[in-house]
Amino acid sequence: MLERFGVSMDQRLLKRFDRLIEQRGYRTRSEAIRDLVREQLVREQWTQPNAEVVGAITLVYDHQAEDLPHKLAEHQHRPGDLVVCTTHVHLGRRDCLEVVLVRGPAKRVQRLADKLISTKGVKHGKLVATGSGDAL
Ligand code: NI
């Protein structure tokens, strides 16, 4: 059920907000505000160690770097149930992109992401933290 509410806002702030949401492609303020709220709810979820979260870890690395593919696989096997699936794309002669989809308690997922991203030889890593839709 939808509920309406009024928001008071400084005119200048509102103008900047309108410009931003137009650039981002929002058609209404309501949809933009709903997404901002959802973003905060997801963030809040990730601060609770045992909250069930979903995420994607992207890793760019040189597969010729000493034992790296093996090390990355080891990290992903250990916490077994956290990794839903992995997609591997060969970017060039040496570089690979791996996307690891993860689901589980926030703290464990974060720890796995940190471990993978900080592995020597990983050139760039990022965790996209999101949540399952039913809580949003
Ligand atoms: Ni590759």
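The first residue in the sequence is number 1, and the count goes up from there. Indexing begins at 1, ligand by ligand and atom by atom, following the structure's order. Everything quoted here is computed from the prediction, not taken from an experiment.
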*Tally of protein N/O/S atoms under 2.8 Å from the Ni ion (ligand 1)?*
3
*Per the salt bridge (Lys or Arg N to Asp or Glu O under 4.0 Å) rule, which among Arg29, Arg34, Arg27 passes with Glu31?*
Arg34
*Looking at NZ of Lys120 and NZ of Lys71, how far apart are the two atoms once the value is rounded to the nearest 0.5 Å?*
7.0 Å
_Ring centers of His88, His90 separated by less than 6.0 Å_ = yes
*Between Gln48 and Glu44, does any side-chain donor sit less than 3.5 Å from a side-chain acceptor?*
yes
*Look at the side chain of Asp67 and the backbone N and O of His70, then say whether any donor-acceptor pair between them is shorter than 3.5 Å.*
no
*Quick one: does Trp46's side chain have a donor or acceptor within less than 3.5 Å of a partner on Gln110's backbone?*
no
